[in-house]
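Note that the structure is a prediction, hence the values are computed from the model and not measured. Protein chains get the first letters and strands the later ones, always in sequence-line order, with residue 1 at the start of each.
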There are 2 protein chains.
Amino acid sequence: MLKNLSDTRPGTVEAIAATLTEAVLEHRVLPGTKLSEDEVGEIFGVGRTVVRQALRTLAHEGLLTIERNRGAFVSRPTVKQAREVFEARALLEPRTARAAAERATPGDIAALEKHIDEEHAALSGDLAGRALKLSGHFHTEIARIANQVTIEAFIRQLVSRSSLVIALYWRRRNALCESHSHHALVDALRHHDGAGAEELMKGHLLDLLSQLDLAPQPEKTLSLADALLR
Amino acid sequence: MLKNLSDTRPGTVEAIAATLTEAVLEHRVLPGTKLSEDEVGEIFGVGRTVVRQALRTLAHEGLLTIERNRGAFVSRPTVKQAREVFEARALLEPRTARAAAERATPGDIAALEKHIDEEHAALSGDLAGRALKLSGHFHTEIARIANQVTIEAFIRQLVSRSSLVIALYWRRRNALCESHSHHALVDALRHHDGAGAEELMKGHLLDLLSQLDLAPQPEKTLSLADALLR
DNA sequence: AGAATATATATTGTATACAATCTTTGCCTA
DNA sequence: TAGGCAAAGATTGTATACAATATATATTCT
């Protein structure tokens, strides 16, 4: 169904798309940033043809928005889109966590714990962006454990978009403290507690959502004048 | 988030992708078929550059599989992928139907009934492929009514892949008789019966699944010798 | 004859040239 | 000086030429 992704040699569309994705997920490139074809092509040492394909790939994931004759920009999800992302996650992830709990092997648990450790290390090293990316990877990893490739792809997309949402709507200045929820989830998986995992995931997603500032519509057309005179 | 899809002028990537998608959804092009770039380009009167982008779009939706240096083929979902499609739909669609029931306006109901009529007309006219496409459209329409653009995109993808699954694993020769389920669903929506709609959708999806022949793994590596000596 | 190899053909992968479109800048006019 | 207009510049859209790879055909050797 999906394309053969085994080809990750440098210079390929897939490799460039992956590198760009990582940069967006780690907030090294922020929403609204323009990705010019020439610029990206020069960086990776390839022509515009292959850059174009990579940009379209990211656009399809929702990370970029391509405007005809204007170029590709890192997406700026609206409040509605932000809500939808978490509503979709609420439908997919709790049940997937349950399935994962029923199938998790000791190797799976070890992998998850390694993820948490790396996340913690990144936070200690003040690499909030990297920590955020790893924290997202934790969620797709659960789908992988549940042996659901299709759902995993959807969750990957939603997690990616969540990263954009966090970049735009994160409330506090301090980093997300997700390690506690993630630890509890790993425990539930370890004990094959499907119902518990489902509930924990549900709560975890609500928790995340509650830390976003999605309440008042941030006036899409907030002109400079309005901002100054208010 | 998504790209500006308003540009559907003929000759654009979007228009070509849409036409190809329709052909696959209506089973006019069957799984396994190769879509050569030159061939498609000649048909639409465009160069390979734009065809290539369209093919990659379809590949991302799961409708095509692109093999490096070999070309694009209409995907042939495995039994596992087929199951996953319906498992994902089971997570997304029932709850979405509930939300749709709570929001449905008289206009929405009318639109759904129009869909059902067209589907019935297509069946009468022996256009099973067209009926199948319309029947899929019914499902995405419900997501639209639920006012969930993100989930709608996922469901659209899953419905598309379902069409491939049906092409490969459909059991009977007679057409799918979905109009009854769809009619019942519309009734639930009309009366804002969220719980009912959720249950009906759940049952409808199970019904569909039960009409597929996914039981024995079709031995991916079934050699000719094995087949003859068994 | 049959298998392995070599050649030829066809198809995809990539860069680039040219066209179309948008953006910016400078100029002119009221 | 503000507004509009026009030209210049920059960026994306598309086709095409050439390179790389895969497939099909022909050939040779045992």
Going by the rule side chain to side chain donor-acceptor pair (under 3.5 Å), which residues pair with [X] if we only count those two or more places apart in sequence or in a different chain?
X: A:R103; value: none
X: A:E93; value: A:R89, A:H139
X: B:T140; value: B:H137

Quiz item: With A:E152, which residues qualify under salt bridge (charged side-chain N to carboxylate O under 4.0 Å, His left out), at least two apart?
Solution: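 Salt bridge (charged side-chain N to carboxylate O under 4.0 Å, His left out) check on A:E152 returns A:R156.
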
With sequence neighbours left out, what residues match A:I109 under side chain to side chain contact (heavy atoms under 4.5 Å, CB included)?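 If we apply the side chain to side chain contact (heavy atoms under 4.5 Å, CB included) test to A:I109, skipping adjacent residues, the hits are A:A104, A:E113, A:V186, A:L189, A:R190.
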
Per-nucleotide protein contact along nucleotides 6-16 of chain C, 5' to 3', at a 4.0 Å heavy-atom cut-off (B base, S sugar-phosphate only, - neither), is -----SBBBBB

